[in-house]
> 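Please find one structure pasted underneath; my questions will follow.
Source: prediction; values computed, not measured.
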Amino acid sequence: MTTHTELPSMRESLLDVAGKKIFVAETGDGPPVLLLHGGGPGASGVSNYSRNIANLAKEHRVIVPDLPGYGRSSKGIDPADPFGSLAAGIRGLLDELGLDKAHLVGNSYGGACALRLALDTPDRVDHMVLMGPGGIGTTRALPTPGLNSLLNYYTGEGPSRLKLEKFIRQYLVFNAADVPDNVIDARYRDSLDPEVVANPPLRRPKSLRALWKMDFTRDARLSRLPVPTLVLWGSADKVNRPSGAQMLADRLPNCDLYLVANTGHWVQFERADLFNRLCADFLAGRR
């Protein structure tokens, strides 16, 4: 049975990173760990990790940014290289915080951000935990129905609560009842930010070059990445195919893999107790 610990009090700041603002909430002391959220409509750091922050803060300084383009951070990322744009923003955040190195935990879009940051600057990453990360084998198959639902949120008739609820209950999680209505309400409100509606941070690649760059399995650096990595992937993930888990394990030289039964795309939320235990042990070197 999953127990949901209440969020601790968190220190909030809005930091200037290369002329843009990145919102950060943090709590706890110890080795720093950044929690990087997914890219769904209305997503933000603290809301995505609400079931994990208190547990991880027992041993770590937990730093939870809103990714560029989301929440209270500045909007707009480079559509020609979105993963690179996100990684540059988070690397700049590390600089602003005075951190030479940190653990990275990333779900979906945040996982793609973490992986790109590690590939570009592996010396900045201590350990890495990836949950259903984006960009794994994306040029080797058509998008899943779940990913199409996500990418179509701002197209057609535009955003609506019905579209968001369908994405979350039908595609994001294994058990639709696990997500309270108030979570959907809050995400819907946040998804209506006029800057985001005009320039969504997650969209279909506009060129083959951009698409190719967004598939990490085409990047030769992956097989040389030394960062200790834990991959957690829901076996019932309808957004990013669970087959991506083995693709990563086959290529990363220092990768532990855990396929989570009866779980969708939101492992840290759906299986919080399991995630918290595995993540805390891995980051502390208790492999």
Side-chain angles (χ1 to χ4, degrees), residues 5-78 82-114 116-118 120-121 123-129 131 183 186-187 189-196 199 201-202 268-269 276 279-280 283:
T5 307
E6 287 192 16
L7 275 168
S9 60
M10 304 190 74
R11 305 178 294 278
E12 297 184 350
S13 53
L14 196 62
L15 301 178
D16 191 299
V17 177
K20 293 191 173 185
K21 300 295 184 183
I22 293 185
F23 171 80
V24 176
E26 60 176 293
T27 187
D29 293 299
V33 54
L34 269 68
L35 307 184
L36 307 176
H37 64 81
S44 63
V46 172
S47 66
N48 271 215
Y49 289 99
S50 61
R51 297 180 176 181
N52 320 114
I53 291 169
N55 187 277
L56 293 176
K58 293 174 183 177
E59 297 182 84
H60 292 87
R61 176 187 175 187
V62 178
I63 302 165
V64 193
D66 289 345
L67 289 177
Y70 291 86
R72 286 182 261 182
S73 294
S74 293
K75 305 306 182 283
I77 61 173
D78 180 5
F83 296 164
S85 183
L86 292 174
I90 297 304
R91 186 165 42 251
L93 177 62
L94 290 177
D95 294 340
E96 192 65 27
L97 292 169
L99 297 174
D100 293 329
K101 179 179 280 195
H103 300 303
L104 298 182
V105 176
N107 174 231
S108 195
Y109 212 28
C113 171
R116 178 62 183 273
L117 196 159
D120 289 346
T121 48
D123 58 307
R124 305 299 300 271
V125 184
D126 195 333
H127 288 60
M128 184 165 56
V129 180
M131 301 88 77
V183 170
R187 286 192 59 154
R189 286 194 302 271
D190 290 344
S191 78
L192 298 179
D193 184 307
E195 284 187 273
V196 175
N199 186 21
L202 181 61
Q268 80 280 8
F269 187 91
N276 290 340
C279 188
L283 296 183

> Quick one: does any side-chain atom of R11 pair with a main-chain N or O of A25 as donor and acceptor, under 3.5 Å?
no
> Take V62 and N52 through the test side-chain contact (heavy atoms from CB on, under 4.5 Å) and record every step on the way to the result.
CA-CA 10 Å; V62 178; N52 320 114; over 6 Å; no
> Taking R51's backbone N and O only, do any of them form a donor-acceptor pair with N276's side chain (distance below 3.5 Å, no angle check)?
yes
> Go through it in stages, so that I can follow the logic: the residues are F83 and D120, the test is side-chain contact (heavy atoms from CB on, under 4.5 Å), and I'd like the CA-CA distance, side-chain angles, deciding distance and then a yes or no.
CA-CA 11 Å; F83 296 164; D120 289 346; over 6 Å; no
> Take R124 and D100 through the salt bridge (Lys or Arg N to Asp or Glu O under 4.0 Å) test and state the conclusion after the steps.
CA-CA 6 Å; R124 305 299 300 271; D100 293 329; 5.4 Å; no
> Any donor and acceptor pair, going by atom type alone, linking the side chain of Y109 with main-chain N or O of L86 inside 3.5 Å?
no
> Work out which heavy atom in P68 is nearest to a heavy atom in G89; give both atom names and the distance.
CG-CA, 4.4 Å
> How close do C113 and I90 get, counting heavy atoms only, and between which atoms?
SG-CG1, 3.6 Å
> Can you name the nearest heavy-atom pair linking I53 to M10, along with the distance?
CG2-CE, 3.9 Å
> Quick one: OG on S73 to CG on L93, what's the gap to the nearest 0.5 Å?
8.5 Å
> Between K20 (side chain) and G76 (backbone), is there a donor-acceptor pair under 3.5 Å?
yes
> Do other residues, nucleotides or ligands put more than 12 heavy atoms under 6.0 Å from N199 CG?
yes
> Roughly how far, to the nearest 0.5 Å, is CD1 of I63 from OG of S13?
9.5 Å
> The criterion is side chain to side chain donor-acceptor pair (under 3.5 Å); which residues satisfy it with N48, sequence neighbours excluded?
none
> Only one of K101, R91, R116 passes side-chain contact (heavy atoms from CB on, under 4.5 Å) with T121; say which it is.
R91
> Hey, mind stepping through Q268 and V129 against side-chain contact (heavy atoms from CB on, under 4.5 Å) and telling me if it holds?
CA-CA 11 Å; Q268 80 280 8; V129 180; over 6 Å; no
> Mind checking the CG-OG spacing from L14 to S74? Nearest 0.5 Å is all I need.
7.0 Å
> Could you walk me through whether Y49 and V105 pass the side-chain contact (heavy atoms from CB on, under 4.5 Å) check?
CA-CA 10 Å; Y49 289 99; V105 176; 4.2 Å; yes
> Closest approach of E59 and A280, non-hydrogen atoms and distance?
OE2-CB, 4.0 Å
> If you define the side chain from C-beta out and look only at heavy atoms, does anything of V196 sit under 4.5 Å from P201?
yes
> Does some side-chain heavy atom of S44 sit less than 4.5 Å from a side-chain heavy atom of Y70?
no
> Rounded to the nearest 0.5 Å, what separation is found between the CD1 atom of I22 and the CG atom of L97?
9.0 Å
> What distance do T27 atom OG1 and R61 atom CZ have between them, rounded to the nearest 0.5 Å?
11.0 Å
> Mind listing the closest non-hydrogen atom pair of I77 and P82 along with its distance?
CD1-CB, 3.9 Å
> Counting only pairs under 3.5 Å, give me each side-chain donor-acceptor contact of residues 32-43, with atom names and distances, residues two or more places apart or in other chains.
unit_1 : atom_1 : unit_2 : atom_2 : d
H37    : NE2    : L67    : N      : 2.9

> Does any N or O in the side chain of D78 come within less than 3.5 Å of the main-chain N or O of S85, such that one atom is a donor and the other an acceptor?
no
> Could I get the full list of ring pair (Phe, Tyr, Trp, His ring centres under 6.0 Å) partners for H103, not counting sequence neighbours?
H60, H127
